[in-house]
Amino acid sequence: MPGTIRAILALSCPNQRGIVAAVASYLAESGCNIVESQQFDDALSGRFFMRIVFDSELGRTADDLRQGFEKIRERYDMRATLADASVRRRVLLMVSRFGHCLNDLLYRRSIDALPIEIPAVVSNHIDLKPLVDAAGIRFIHIPVTAATKQTSEEKLRTVIADLRCETVVLARYMQVLSDRFCQDMPGEIINIHHSYLPSFKGAKPYHQAHARGVKLIGATAHYVTADLDEGPIIEQGVARVSHLMSPTDLIAVGRDIEASVLARAVRWHAEHRIIPNGHTTVVFDQS
Ligand SMILES: Nc1nc2c(c(=O)[nH]1)N[C@@H](CN(C=O)c1ccc(C(=O)N[C@@H](CCC(=O)O)C(=O)O)cc1)CN2
């Protein structure tokens, strides 16, 4: 239908009767047709979670609908986002020396399999500049040393502001971000940790895994908080390994898991499928 806008409403609030009815009535009265709906009652936290995809068939924009939804948001004390599904999130990718996750995200973006814009890639090394140049994306080198961490982060802030980035993805970026930086972008920094958290936090997780003799290794995509490797988990993946495999073999197996786990986490974030639930997440994926 001409003028139809597809939008996504994602919300959470203290659970009570009437939430679904109130939301559905508002959308119907606003000329919107619900095309997909998922919900979850968390009995432990007492919170309700819902994600609705709908078509605004009478031309009301997402901004207009968001303003109209404010009275319901306040009545039920909701945390809510209402976004035009055609508007792509502007995502800054960050990387150090290992390019497998970056390469995967750039490829998925190039074939339109990831609903994001990538204004630039920031790295603290120049190793991956040729890969980013080949993708036709701006490469920004911000070196980091123990002495320059603060000034380097100021440069990063300027890049994020100038390029109007909403989300930062650490695609094997191996520098710890400051508390202040993390607190300024709550729920908008995603990291891929190369272990099946909570196992093997910190540096060299594959060597830790080999030394422990585990039979499964994995990777974890999580939101970044000031506490290293402790942020809310978005997605995880694992693979079976054996005594025959060296740390180098484990690293090779891990590469594919890291890339696929991070790509799913970034897509779900961009599609407003992830809703924070305390220190965890509710993920309304397609399955
Ligand atoms: N505030 C946070 N920043 C970052 C996190 C995080 O969870 N919170 N995750 C890392 C990624 N990462 C593991 O997934 C990780 C990266 C780097 C280090 C580390 O100890 N780095 C040293 C420097 C290492 C070097 O120069 O090569 C450091 O920063 O001093 C630990 C974990 C990304 N940032």
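As the structure lists them, so they are numbered: ligands from 1, and atoms in each ligand from 1.
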*asked:* Within ligand 1, which atoms have a heavy atom of Tyr173 less than 4.0 Å away?
replied: 11 (C), 33 (C)
*Backbone, side chain, both or neither: what part of Asn191 comes under 4.0 angstrom of ligand 1, heavy atoms only?*
side chain
*Does Asp285 come within less than 4.0 Å of Arg264, counting only side-chain N to carboxylate O?*
no
*Please go through Leu65's hydrophobic cluster and name the other residues, only I, L, V, M, F, W, Y counting, with side-chain heavy atoms under 4.5 Å joining them.*
Leu9, Leu11, Ile19, Val20, Val23, Tyr26, Leu27, Ile34, Phe48, Met50, Ile52, Phe54, Phe69, Ile72, Tyr76, Met78, Leu82
*Can a non-hydrogen atom of Gly231 be found less than 4.0 Å from any atom of ligand 1?*
no
*Relative to ligand 1, is Phe181 under 4.0 angstrom through side chain, backbone, both or neither, heavy atoms considered?*
neither
*asked:* Less than 3.5 Å apart, any donor N or O on the side chain of His193 or Ser195 sitting next to an acceptor on the other?
replied: yes
*What protein heavy atom is closest to atom 3 (N) of ligand 1, reported as residue, atom name and distance in Å?*
Leu177 N, 3.0 Å
*How would you list all residue pairs meeting salt bridge (Lys or Arg N to Asp or Glu O under 4.0 Å) that involve residues 167-181, not counting sequence neighbours?*
Glu154-Arg180, Arg172-Glu258
_Basic-acidic side-chain contact under 4.0 Å: Glu36, Arg273_ = yes
_Closer than 4.0 Å to some heavy atom of His193 - which atoms of ligand 1 meet that?_
13 (C), 14 (O)
*What protein heavy atom is closest to atom 7 (O) of ligand 1, reported as residue, atom name and distance in Å?*
Asp229 N, 2.9 Å
_Identity and separation of the nearest protein heavy atom to atom 6 (C) of ligand 1_ = Leu228 CD1, 3.5 Å
*Select one of side chain, backbone, both or neither to describe which atoms of Leu170 lie under 4.0 Å from any atom of ligand 1, heavy atoms only.*
side chain
_Heavy-atom distances under 4.0 Å decide this one: backbone, side chain, both or neither, for His222 against ligand 1?_
side chain
*Would you say Ile234 and Val91 are hydrophobically clustered, going by side-chain heavy atoms of ILVMFWY under 4.5 Å?*
yes
*Verify the distance criterion only: is there a donor paired with an acceptor across the side chains of His269 and Glu188 at less than 3.5 Å?*
yes
*Distance only, no hydrogens: is a donor on one side chain within 3.5 Å (strictly under) of an acceptor on the other, for Thr151 and Thr148?*
no
*asked:* Among all protein heavy atoms in this structure, tell me which lies nearest to atom 25 (C) of ligand 1, with the distance rounded to 0.1 Å.
replied: Gln175 NE2, 3.5 Å
*asked:* Looking only at distances, can you tell me whether any N or O atom of Asp227, backbone or side chain, sits closer than 3.5 Å to an N or O atom of ligand 1?
replied: no
_Taking only non-hydrogen atoms of Lys149, do any sit less than 4.0 angstrom from ligand 1?_
yes
*Shortest protein heavy-atom distance from atom 21 (N) of ligand 1, along with the residue and atom involved*: Met174 O, 3.4 Å
*Which ligand 1 atoms does Cys182 reach within 4.0 Å, using its non-hydrogen atoms?*
1 (N)
_Side chain, backbone, both or neither: the part of Val176 lying under 4.0 Å from ligand 1 by heavy atom_ = both
*Aromatic ring pairing Phe139/His141, orientation class (parallel under 30°, perpendicular over 60°, tilted between)*: parallel
*asked:* Do Thr220 and Gln236 pair up side chain to side chain, a donor and an acceptor below 3.5 Å, judged on atom types alone?
replied: yes
*asked:* Under 4.0 Å, counting heavy atoms only: does Thr225 come that close to any atom of ligand 1?
replied: yes
_N-O pairing of Arg255 and Asp104 below 4.0 Å_ = no
